[in-house]
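Just so we're on the same page: letters track the sequence lines, and every chain starts at 1. Here the structure is a predicted model, which is why all the values come from computation and not from measurement.
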Amino acid sequence: MVCIENLLSADAPAPRDASTARLHELVLDWFAATARDLPWRRDDCSAWGILVSEVMLQQTPVVRVQPVWEEWMQRWPTPAALAAEPSGEAVRAWGRLGYPRRALRLHAAASAITTGHGGRVPSSVDELLALPGIGTYTAAAVAAFAYGRREAVVDTNIRRVHARLVSGRALPAPALSAAELRLAAGMLPEAAADSVRWNAGVMELGALICTARSPKCGQCPVAAECAWLAAGEPAPDYNPKGQAWHGTDRQVRGAVMAVLRDAEHPVRRELFFEAPVDLGFEPGSVSAHLAALHALNAEHSQLERALAGLLEDGLAEAVPEGLRLPR
DNA sequence: TAGCCGTGGAA
DNA sequence: TTTCCAAGGCT
């Protein structure tokens, strides 16, 4: 088992011991044998494709991302191609991936890359961090997966694997800690190429085997080294608090966005507040989304907040005819 | 830093 | 049916 004290006290050189090397071997072998064939993992995938995939994958499962990613790559194969279109087109093409502000930020990142980096996705973590919508995880992931850099990638999967395998806990703490970042850095193989595969492999292990709810320990390549299993699978030491959804502003925002995404013309503002009599549209999904919005029976003030919030966030634009997606 | 920001599938 | 969770980021 890996000695956690060694890893946590790593100011200086990353701790290297036989058990860490053993973990590297086991995970890298397992990953080589079982990795999913995802399009953004292929050798011919551009840095831009990897960046887009990483943003889409923020809080959204692979199975829902893949088809949208394929459409984006077909339509916008380069940052410049996306930057040349209105941001509203990015929001529309985002579809129902959720958190549509990510689409807005990706469009803004494409513009920044086009004007500030000659159209090429930057390769350093600092430059990536300066782009909108790119935080510590995504910057490290792009540097590692697109440019082969040796970076500690720390996502929810890797945090969970480390919590169990090394720290003996059922789940990582609610918030990412500096100790976890040091731990991840200390676990990284020395060779850059190995470190990239290690990051991807541990992430894959968390996604497929060491899952949040019912981990498949019987299929785990490092079960024999797992501190959590050795400790008798202790329960989590905190209760995760779920996000409210029904009756919240977020639900109303989502319903409004569904209307705007499918609208080819500005949507009259009154239609968001009054049950539609004459929609002014051909029968279709816009009216269906409006009906769904009104079925929420949201308070008038809540609807006002949602519209104001979407305008403020830049996800919607007020025009004389009503509301539409931004230019 | 805790709270907010969408959506849909699995348990 | 309800709850939980998914390759986070931003303020």
* With the side chain of A:Q58 defined as its heavy atoms from C-beta on, choose the nearest nucleotide among C:dG8, C:dA7, B:dG6. => C:dG8

* Just call it for A:S53: base, sugar-phosphate, or nothing, with non-hydrogen atoms closer than 4.0 Å on any strand. => nothing

* To do: Using atom CG of A:L51 as one end and atom C1' of C:dA7 as the other, report the distance to the nearest whole Å.
  => 13 Å

* To do: Remember a base hit wins even if backbone is also touched, and classify A:R159 as base, sugar-phosphate or nothing at under 4.0 Å, heavy atoms.
  => nothing

* Structure fact -> Picking from C:dG8, B:dG9, C:dA6, the nucleotide nearest the side-chain atoms of A:A212 would be C:dA6

* To do: Just call it for A:P100: base, sugar-phosphate, or nothing, with non-hydrogen atoms closer than 4.0 Å on any strand.
  => sugar-phosphate

* Please confirm whether the backbone N or O of A:R327 pairs with a side-chain atom of A:S87, one donor and one acceptor, at under 3.5 Å? => yes

* Asked: Under 4.0 angstrom, heavy atoms only, what part of the nucleic acid is A:G135 near: base, sugar-phosphate, or nothing?
  -> sugar-phosphate

* Asked: Where the side chain of A:R250 is concerned, which of B:dT7, C:dG9, B:dC5 is the nearest nucleotide?
  -> B:dC5

* **Phosphate OP1/OP2 of C:dC5: any A:R213 side-chain N/O under 4.0 Å** => no

* Asked: When you match A:S214 and A:A258 each to their closest nucleotide on DNA chain B, which lands nearer the 5' end?
  -> A:A258

* Taking the P atom of each, how far is B:dG6 from C:dT11, in whole Å? -> 14 Å

* Asked: Can you tell me if the side-chain N/O atoms of A:Q59 get under 4.0 Å from OP1 or OP2 in C:dA6?
  -> no

* Structure fact -> Of the candidates C:dA7, C:dG9, C:dA6, the side chain of A:R36 sits closest to C:dA7

* Asked: At under 4.0 Å between heavy atoms, what does A:Q251 touch on the DNA or RNA strands: base, sugar-phosphate, or nothing?
  -> nothing

* Parallel, tilted or perpendicular: rings of A:H24 and A:W198 (30°, 60°) -> perpendicular

* Check whether any side-chain nitrogen or oxygen of A:R253 sits under 4.0 Å from OP1 or OP2 of B:dT7, and answer yes or no. => no

* **N/O donor-acceptor pair under 3.5 Å between A:W30 side chain and A:E25 backbone** => no

* Asked: Got a salt bridge between A:R268 and A:E270, using NZ or NE/NH1/NH2 to carboxylate O under 4.0 Å?
  -> yes

* Counting only heavy atoms not in A:R42, do more than 12 fall under 6.0 Å of its CZ? -> yes

* Rounded off to whole Å, could you give me the CD-to-C1' distance for the A:Q243 and B:dG8 pair? => 13 Å

* Asked: With a non-hydrogen cut-off below 4.0 angstrom, is A:I158 in contact with a base, only sugar-phosphate, or nothing?
  -> nothing

* Pairwise P distance for C:dA7 and B:dC5, with rounding to whole Å -> 22 Å

* So which heavy atom on A:L183 is nearest to which on A:S167, and how close? -> CD2-OG, 4.2 Å

* With a non-hydrogen cut-off below 4.0 angstrom, is A:I50 in contact with a base, only sugar-phosphate, or nothing? -> nothing

* Asked: Base, sugar-phosphate, or nothing: which does A:W94 touch, judged by heavy atoms less than 4.0 Å apart?
  -> nothing

* To do: Name the nucleic acid region contacted by A:T138, choosing base, sugar-phosphate or nothing; use a 4.0 angstrom heavy-atom cut-off, strictly under.
  => sugar-phosphate

* Hey, which sits more toward the 5' end of DNA chain C by its nearest nucleotide, A:W40 or A:L129? => A:W40

* Can a side chain N or O of A:R261 be found less than 4.0 Å away from OP1 or OP2 on B:dT7? -> yes

* Of the nucleotides B:dG9, C:dC10, C:dA7, which has the atom closest to the A:R105 side chain? -> C:dC10

